[in-house]
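Worksheet: the structure to be examined is printed underneath.
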Amino acid sequence: MRLRRVLPVVTVLPALLVISACSSDSDGSDDKNATPSAKSTSTAEAKAAAEAKRIGAMDPQTLEKATISGKSKGFEFKQVAKADVEAGLDMKADQAECQPIASLAGGYTHIKAVSVEHRSLEPTEATNATIGSMWLASHSEKNAKLVMSDLRTSLKKCDGFKTLGLTYKDVKQLKDPDLGDDAVSYRITNVVAKQSVPMTYTVVRKGGVIAAFYGVNMLTPKSSAIPETTIKAQLQKLG
């Protein structure tokens, strides 16, 4: 239980490090009684589905079904409130060469995806002090390859950046994991209220889907990566 007590410390992080899940209850209303916001969402989803079909990307409904929810491989995958994930859309780096990394820090890819699914990751074992987030971004395969290529270039050129009053430093590329069709791993330190918080990212391409994971471990920063067994479970679900 002692390890659990350190977990709330990292909830001050920006982007998607969210422990509480959002409500996913449906009001059961049909289209005839749908609210304007529901109609707007439906229209946006229809446009995204049409665009996905046009470019050969995974459509929003299929992506949602292929995203883990619930407990799997040592973590509970929880849905994240829309307001929390949209807060990361404005992560613009003060250094242009750092933008691919900054966008990922905000929970998105720097090239706009057709659709994105976000989950927070909470450990199910009391002895596991690593928490984090995951998001899946649906692209054409061409754009997904470009996301990975631009990220590799950014990791070579970017030492650190500032965005939305936040500081990220000590960007360090790690050994590429053997995952998916292409994968990159790196560590970056976020400075929050003068406290340095190292985060480990694993970004994987499988076809046209970018699967991004990051973890934080306040006790053992070098052990903050989301385990490969957990990542493989999600990649398997993508088909």
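All residue numbers refer to positions in the sequence shown, counting from 1.
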Side chain proximity check, V203 to T109, heavy atoms < 4.5 angstrom: no
Under a 4.5 Å cut-off applied to non-hydrogen side-chain atoms, are R152 and D176 in contact? yes
Going by side chain to side chain contact (heavy atoms under 4.5 Å, CB included), C158 matches just one of I188, T153, I101. Which one? I101
Run the salt-bridge test on K156 and E97 with the 4.0 Å N-O cut-off and return the result as yes or no. no
Any chance you could lay out the side-chain contact (heavy atoms from CB on, under 4.5 Å) test for E86 and L89, step after step, and finish with the verdict? CA-CA 5 Å; E86 289 184 343; L89 282 170; 4.2 Å; yes
Quick check: does any side chain N or O of S140 sit under 3.5 Å from a backbone N or O of N143, one acting as donor and the other as acceptor? yes
I need the T130 OG1 to F75 CZ distance, nearest 0.5 Å. 5.5 Å
Value rounded to 0.5 Å, distance of CG in D150 from CG in L155: 11.0 Å
Donor-acceptor pair, distance only, cut-off 3.5 Å: does the side chain of S138 make one with the backbone of M58? yes
Test side-chain contact (heavy atoms from CB on, under 4.5 Å) on R205 and E141; report intermediate values, then the result. CA-CA 9 Å; R205 180 183 70 82; E141 189 162 346; 3.6 Å; yes
Side-chain donor/acceptor of Q99 to backbone N/O of A93, under 3.5 Å: yes
Donor-acceptor pair, distance only, cut-off 3.5 Å: does the side chain of D94 make one with the backbone of K162? yes
Any salt bridge between K47 and E45, counting N to O under 4.0 Å? no
Could you check whether Y108 and H118 have their ring centres less than 6.0 Å apart? yes
Do M218 and V197 make a side-chain contact, defined as non-hydrogen atoms from C-beta onward lying under 4.5 Å apart? yes
Considering all heavy atoms, the nearest P177-V184 contact: CD-C, 4.0 Å
Once you round to the nearest 0.5 Å, how far does CZ of F213 lie from CE of M134? 5.5 Å
Please check: side-chain N/O of S154 versus main-chain N/O of L151, any donor-acceptor pairing under 3.5 Å? no
For the residue pair S69 and R119, confirm or rule out a side-chain donor-acceptor distance under 3.5 Å. yes
Heavy-atom side-chain contact between V147 and H139 under 4.5 Å: yes
Minimum heavy-atom separation for V116 to G107, with atom names? CG1-O, 4.4 Å
Is a donor on one side and an acceptor on the other found under 3.5 Å between the side chain of T189 and the backbone of S196? no
Test side-chain contact (heavy atoms from CB on, under 4.5 Å) applied to M91 and L164, step by step: CA-CA 7 Å; M91 298 285 275; L164 300 180; 3.5 Å; yes
Sorted by first residue and then second, give each ring pair (Phe, Tyr, Trp, His ring centres under 6.0 Å) pair with at least one member in residues 175-197; sequence neighbours left out. Y186-Y201
Nearest-0.5 Å distance that lies between atom CD in E64 and atom CG in D59: 10.5 Å
Let's go through K53 and E51 carefully: what are the C-alpha distance in whole Å and the side-chain angles of both, what is the deciding distance for salt bridge (charged side-chain N to carboxylate O under 4.0 Å, His left out) to 0.1 Å, and is it a yes or a no? CA-CA 5 Å; K53 184 177 181 179; E51 177 63 9; over 6 Å; no
Under the criterion side-chain contact (heavy atoms from CB on, under 4.5 Å), I'd like the reasoning laid out for L136 against I210: C-alpha separation, chi angles, the key distance, then a yes or no. CA-CA 6 Å; L136 305 181; I210 298 295; over 6 Å; no
Solution key, residues 229-239 side-chain donor-acceptor pairs under 3.5 Å, sequence neighbours excluded:
{"from": "T230", "atom 1": "OG1", "to": "K73", "atom 2": "O", "distance (Å)": "3.0"}
{"from": "Q234", "atom 1": "OE1", "to": "I68", "atom 2": "N", "distance (Å)": "2.9"}
{"from": "Q234", "atom 1": "NE2", "to": "A66", "atom 2": "O", "distance (Å)": "2.6"}

Check whether any side-chain N or O of D181 sits under 3.5 Å from a backbone N or O of G207 as a donor-acceptor pair, and report yes or no. yes
Return yes when atom CG of D159 has more than 12 non-hydrogen atoms of other residues, nucleotides or ligands closer than 6.0 Å, and no otherwise. no
Could you tell me the separation between the CG atom of L166 and the OG1 atom of T163, rounded to the nearest 0.5 Å? 6.5 Å
From CG (L179) to OG1 (T202), nearest 0.5 Å: 7.5 Å
Is any side-chain heavy atom of L146 closer than 4.5 Å to a side-chain heavy atom of I111? yes
Quick check: closest heavy atoms across F161 and C98, and the distance to 0.1 Å? CD2-CB, 3.7 Å
